Novice: 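Before I ask anything, here is the structure I am working with.
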There are 2 protein chains.
Amino acid sequence: MNHSSFNSRDCGTCPIRHRAVCSRCEPDELEHLDEIKYYRTYEAGQPVIWAGDPMEFVASVVTGIATLSQTMEDGRTQMVGLLLPSDFIGRPGREIAPFDVVAVTDLTLCCFRKKPFEDLMGSTPSIGTRLLQMTLDELDSAREWMLVLGRKTAREKIASLLLIIARRDAALYKRLPADGMAFDLPLTREAMADYLGLTLETVSRQISALKKSGVIQLQGKRQVHIPDLQRLVSETGDDLDGGPIF
Amino acid sequence: MNHSSFNSRDCGTCPIRHRAVCSRCEPDELEHLDEIKYYRTYEAGQPVIWAGDPMEFVASVVTGIATLSQTMEDGRTQMVGLLLPSDFIGRPGREIAPFDVVAVTDLTLCCFRKKPFEDLMGSTPSIGTRLLQMTLDELDSAREWMLVLGRKTAREKIASLLLIIARRDAALYKRLPADGMAFDLPLTREAMADYLGLTLETVSRQISALKKSGVIQLQGKRQVHIPDLQRLVSETGDDLDGGPIF
DNA sequence: AACATACTTTGATCAGGATCAAAGCAGGAT
DNA sequence: ATCCTGCTTTGATCCTGATCAAAGTATGTT
C-alpha cells in the first residue's frame, strides 16, 4: 500500500464521494480495505478496459483523466463520460464493462476487487447510499449533456464544455472564480469533438472564433484563460438564472 | 387504496423493479406502505412537475407514458428520458426536480411521500440496492442515448427510437418477437423530434422514407408494423453482434 | 540540424437537416 | 354537415457543420 504518492493536497481536496471508498480518508476501515484494494497507473492513451470485457474491479480516479466512450462499427465515436479525480468507475452487480474506458492523461486508479467490494457494500449501508447519490448525480449530468448534444450549436457546445472543465477544475482545487481564471485543456481537439458530437475541424474553428471574439484567450494550444466567466456562460445558451455557477 | 384499477395482467407483467416499491407486489410490506403511498392520475398533456419545483414525492409509473425533458430559454427542448410503466420518478435526497415531467398519455403514478420513503429505504436495504441497480441501468441507457444524439443520422435516430419502443413494448407484455410485430407509437412527431434532437419535419420525412423502403408499415399515423426486425436493427447503425435484441 | 510524428489550423466545397410555407387529414364540437 | 383544432405531410430554400485537402506547429529522435 504505497500511500507516499499522495500528497496532502490530494487528501485535503478529496471529495466526500471519494471518502466513501478510500481507506486513506476513512482510516477506521483501513485493514479491511487494504486486503481488497490496490493502486494501478496507466499512461496517457492507454486503455483501462474495453466495452464487453469482463471487469473484475471497481475503482475511483485518484489523479489524471479518463474517458468513457462508445464506438460504432464504422468508427464513429461518442464520448459518454469524462472521469475526473474522485469519479467512480464500474458498477457492483455487473460483470461486463458497458463502455470503453481510456486514460487521456497519465492516470492513477484506486481499485477494489469487485467481490469483496460488494460484500463490503452489503455490510456497510453507507457505501451503497453514497454510491446511489453519486450515480444519481451522474445521471443528472448525463441528461444535461443530452441537451448539449441534441440542441446546442457548435459554438454553444464548445462553450459548455469549457465551462464544465472550468467548473470541475475550480471545485477540485477549491479556487474561487476570480474575475478571470485559467486552466489547462486536458483534451485534444479530437477528444473534444468526440465529447461534443462534432468533428475536430469544427472544434478547432469554434475555438478560434471564441478567441477572436475575446471570450477566451489561449497560451499555446492547451492553456485557456477566461477573462469574463459570465461572458462564457452567456455563450452556452444556458439560462443565466440557473443559480450560482460555482 | 384503490387496487381495483389494476387488472391481473398489470401485476403479472410488473417487472422486478416495480416490486421493490409496490405494495401490491410485496404484500408483506402492505400496511407500512399504505400509510405513505397514494395513486395519482394525470391526463395526457398534463405536467406532473416542472424543473425547479420542490418535489415531495417519488413515484413509479403504473400505466401510461411520461417524458423527462429540459427546455432552454429560447424554447429549444430536449427530452432526456422516456418513462414507461415500472419506471421510477424522483430521487431520495433531493428536494428540487431537475427536469420537467409531463404526461404524454393518460398516466397513473404510484406515489410515495418522500420522507417516509427515505425512512423505509433506511430500514430496508434491499430497496436501496434495487434503486441503485435501476439508476445504474438508467445511466447506461442515457449514455447509449448520447451516442444516438451525437453521432447518428436522422434515419438511424428514427430507427433507434422505433426499436427502443418495440423492445420495451415486447418486454412489458412478454410478447415474443414473431417475425413481425406491431405497436402503437405513443409519441407525436414533435415529441419524437424532441427525443431525437431533430425537427418534427425531419421526423416526418424520415418515417415516410422508412415506409417507402419497406422497413416499416403504417396503419394510420400511429400504428406501426415491423415486418422484419433485423431489417430495422440494421437501419439503426448499431452493431448487429451486440447480443440478442430482446 | 534534419526528420518524424502527432496535433492543430485554415481553406474550399458539399450535404444533411433546419427553416419557412402551405396543404392534407382526422377527430371533436356545434 | 360544417367548422375548428391539432397533428402530419410535403415542398422549396437556406445554412450549419461535415468532408476533403493542405499547410502550420510543437515535440521528440537520430
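Lettering follows sequence order; numbering is per chain, from 1. The shown structure was predicted, so the numbers you read here are calculated from the model rather than taken from an experiment.
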Novice: Do A:Asp74 side-chain atoms and A:Arg76 backbone N/O form a donor-acceptor pair below 3.5 Å?
Specialist: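 Side chain of A:Asp74 to backbone of A:Arg76, a donor-acceptor pair under 3.5 Å: yes, one is there.
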Novice: Can you name the nearest heavy-atom pair linking A:Gly150 to B:Gln78, along with the distance?
Specialist: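 Where A:Gly150 meets B:Gln78 most closely, the heavy atoms are CA-OE1, 3.3 Å.
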Novice: Tell me which pairs pass salt bridge (charged side-chain N to carboxylate O under 4.0 Å, His left out) where either residue lies in residues 185-213 of chain B, with sequence neighbours left out.
Specialist: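 Counting only pairs at least two positions apart or across chains, the salt bridge (charged side-chain N to carboxylate O under 4.0 Å, His left out) contacts touching residues 185-213 of chain B are A:Arg151-B:Asp194.
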Novice: For every nucleotide of nucleotides 8-20 of chain C, 5' to 3': is a protein heavy atom under 4.0 Å from its base (B), only from its sugar-phosphate (S), or from neither (-)?
Specialist: SBBBB----SSBB
Novice: If I compare all heavy atoms of A:Met55 with all of A:Ala97, which pair ends up nearest, and what's the gap?
Specialist: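 Heavy atoms of A:Met55 and A:Ala97 come nearest at SD-CB, 4.1 Å.
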Novice: Looking only at heavy atoms, what is the nearest atom pair of B:Ile65 and B:Thr105, with distance?
Specialist: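 Looking at all heavy atoms of both residues, the closest pair is N-OG1, 2.8 Å.
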